Amino acid sequence: MSERQDIIRIENVRFAYGERPILDELSLTIRRGEIIAIMGASGGGKTTLLGLIGGRLIPSAGKVFVEEQNVPSLSKSALYALRRRIGMLFQFGALFTDLSVFENVAFPYREQTDLSEDMIRTLVLMKLEAVGLRGAAQLMPSELSGGMARRVALARAITLDPSIMLYDEPFTGLDPISVGIIGRLIKRLNAALGMTSVIVTHDLNETLRLADRVVVLSAGKVYCDLSPDEIRASTDPFIRQFADGLPDGPVPFHYPANDYVGDLLAS
Amino acid sequence: MKADPIALLTSLGHAVTSRLDRLGLATRFAIAVFSVLGVVFVRFGLIIRELYFSGVRSLSIVIVSGLFVGMVLAVQGYEVLQRYGSTEALGVIVALSLVRELGPVVTALLFAGRASSAVTAEIGLMRATDQLAAMDMMAVDPLARVIAPRFLAAIFSLPLLAALFSAAGIVGAWIIGVKLIGIDDGAFWSQMQASVDVRIDIVNGVLKSVVFGVAVGLISVFEGYFAVPTAEGVSTATTRTVVTSSLAVLLLDLVLTVMMFRGLN
């Protein structure tokens, strides 16, 4: 595999929130054009990883290369130049609540380009058509269902035709139909726009249908890096607990605590 | 639990350093905001929207309050002045009180309650719902797009609102003093005109308003920007904006008054 095909390269990254270590010497390479799913227990550093790729978080050690640029060392203007080629879908969409659907999608055009009003209108309607919501252009975010809001946010994230899309829990809180719609959109957009997609998710079913590669994080490191078929066939207890949704296993059900009986009698 | 002197010292030290830490954060934030102000002037439309929300929508409360404060000043002033047989000076007393002190100070306090609290809550909720993060990821600086326009709107609106407050107050005093009590109309206005100095009284009053605008504006955007992204965090930040702004205005007023009016005459 040649270097040029690695669009994101994370090398020996450490990150901690205060005293709590999140990522520990994590290394990961993401190739151009693939859809990669990052899975792992809550609080396991998945969203942190997206923050590092987007340059919103700075690692305490290690390097994060995106398109051959070391993100933590970029100046603000260089970072903003890079971010114009990165789209991000936030967990609950993060639509601007004071702007209509149309204006939300038009926002990147108005801020980043000198396009004419006619051109912006055409482009916005095309993006909204791509997510099936051209008819909702004049609604306000408060009038949308959760699934619709997520689709509008997706349309907004792809306005500038990014080469990398970051998805933070794109399926959380959605009904099964919306999950299917978003999943199909991710796959279709990835192919149609030639993007690379990094998806942080808990939804294993949708992930296995969607991703080229599944990376499971544990204890701040990459636990395994497998194809969907390999995940399905795996007998590893940690992966099985994940795949089958077992409450207890290598990831304990109980938060670490004192001895139960001792605790109850301690009064 | 017995008081442990070391623990006491530790918590005292922690209280001091955490406050210094926040002060340092506020200073760095202020510098960052000032450094993007130029960008905002190029896109004045962003400020106009905030001027409408912070300034225009505060008009009614400011004018009505000014009217009442002026009326009260007239009643109280008349009580005292008639003891010395100089009720015609009522206009002067009222105008000077309003232009030098009450106009800038009370307007700033009203503004903190009416507009700044809303700004803090809005920015805090934008943070809590990832709107600021989304903007940042779209390579749009939230400081320039969201923070700076709201900050500038406070600086622009406060002096104008204070002027309207003082004007309404003078009208209120005129209604009570001239129309109801029966002080001579000509004396009321001419004494006021002769005694209110443009530089000493009006310019200083406006200057106070501008300083209050900087303080109140900065506090509101700072508290919103660094609000803990939860319901409780936003409500705490909103409360803190009103409390800190009010105290800052009163303290700054003392300092400015001493600098401006001490040793006059």
Side-chain angles (χ1 to χ4, degrees), chain A residues 47 50-57 66 71 74-99 103-113 141-142 146 149-150 152-160 162 164-169 172, chain B residues 14 17-18 21 28-29 31-33 35-36 38-40 42-54 57 118-150 153 224-226 228-231 234:
Chain A
T47 301
L50 293 187
L52 291 168
I53 295 171
R56 287 186 50 74
L57 300 172
V66 176
V71 177
L74 292 178
S75 67
K76 189 171 173 180
S77 57
L79 182 62
Y80 272 4
L82 179 65
R83 281 187 187 162
R84 286 188 195 116
R85 301 197 296 280
I86 300 178
M88 179 152 181
L89 180 67
F90 282 80
Q91 187 167 353
F92 294 105
L95 293 176
F96 302 130
T97 41
D98 56 336
L99 300 179
E103 285 302 322
N104 260 287
V105 181
F107 184 87
Y109 292 128
R110 296 198 195 288
E111 294 291 329
Q112 306 288 11
T113 69
S142 56
R150 212 72 60 90
V152 173
L154 184 53
R156 186 181 67 178
I158 58 166
T159 41
L160 297 177
I164 299 171
M165 265 302 295
L166 308 176
Y167 298 91
D168 188 5
E169 310 270 10
T172 303
Chain B
H14 179 72
T17 50
S18 67
D21 198 42
R28 281 173 50 201
F29 177 76
I31 293 169
V33 171
S35 71
V36 296
V39 184
V40 185
V42 182
R43 297 184 54 189
F44 209 76
L46 293 177
I47 305 180
I48 303 245
R49 179 185 173 276
E50 301 312 325
L51 276 176
Y52 174 74
F53 279 108
S54 290
R57 302 272 289 260
V119 165
T120 301
E122 188 188 15
I123 297 174
L125 277 175
M126 286 182 84
R127 165 156 300 255
T129 53
D130 279 335
Q131 293 182 45
L132 296 181
M135 207 175 266
D136 197 30
M137 278 307 293
M138 285 187 259
V140 176
D141 189 355
L143 283 183
R145 184 66 173 64
V146 175
I147 303 299
R150 286 163 174 75
Y225 196 74
F226 290 103
V228 179
T230 60
V234 174

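So you know, we letter chains A, B, ... as the sequences are listed, proteins then strands, and number each from 1. Nothing here was measured: the structure is a model prediction, and the numbers come from that model.
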Inset, instruction - Measure from NZ or CZ of B:Arg145 to the centre of the six-membered ring of A:Phe107, then state whether that distance is under 6.0 Å and the direction lies within 45° of the axis. - result: no
Inset, instruction - Side chain from CB out, backbone as N, CA, C, O: work out which of these in B:Arg127 comes under 4.5 Å of a heavy atom of chain A, or both, or neither. - result: neither
Inset, instruction - Select one option (side chain, backbone, both, neither) describing which atoms of A:Leu79 are under 4.5 Å from chain B's heavy atoms. - result: neither
Legend entry - Toward chain B, the part of A:Phe92 with a non-hydrogen atom under 4.5 Å: neither
Inset, instruction - State, to 0.1 Å, how close A:Leu89 and A:Met165 come at their nearest heavy-atom pair, and which atoms those are. - result: N-CE, 4.1 Å
Legend entry - Closest-packed option against chain A by number of heavy-atom pairs under 4.5 Å, given B:Thr129, B:Asp136, B:Leu125, B:Asp130: B:Asp136
Legend entry - Partners passing salt bridge (charged side-chain N to carboxylate O under 4.0 Å, His left out) against A:Arg110 (at least two apart in sequence or in another chain): A:Glu103, A:Glu117
Inset, instruction - Side chain from CB out, backbone as N, CA, C, O: work out which of these in A:Ser77 comes under 4.5 Å of a heavy atom of chain B, or both, or neither. - result: neither
Legend entry - Residue selection (most heavy-atom pairs with chain B, distance under 4.5 Å) from A:Leu95, A:Leu166, A:Ile86: A:Leu95
Legend entry - Donor-acceptor contact present, side-chain B:Thr17 to main-chain B:His14, <3.5 Å: yes
Inset, instruction - For B:Asp141, check salt bridge (charged side-chain N to carboxylate O under 4.0 Å, His left out) against everything at least two apart and list the hits. - result: A:Lys76
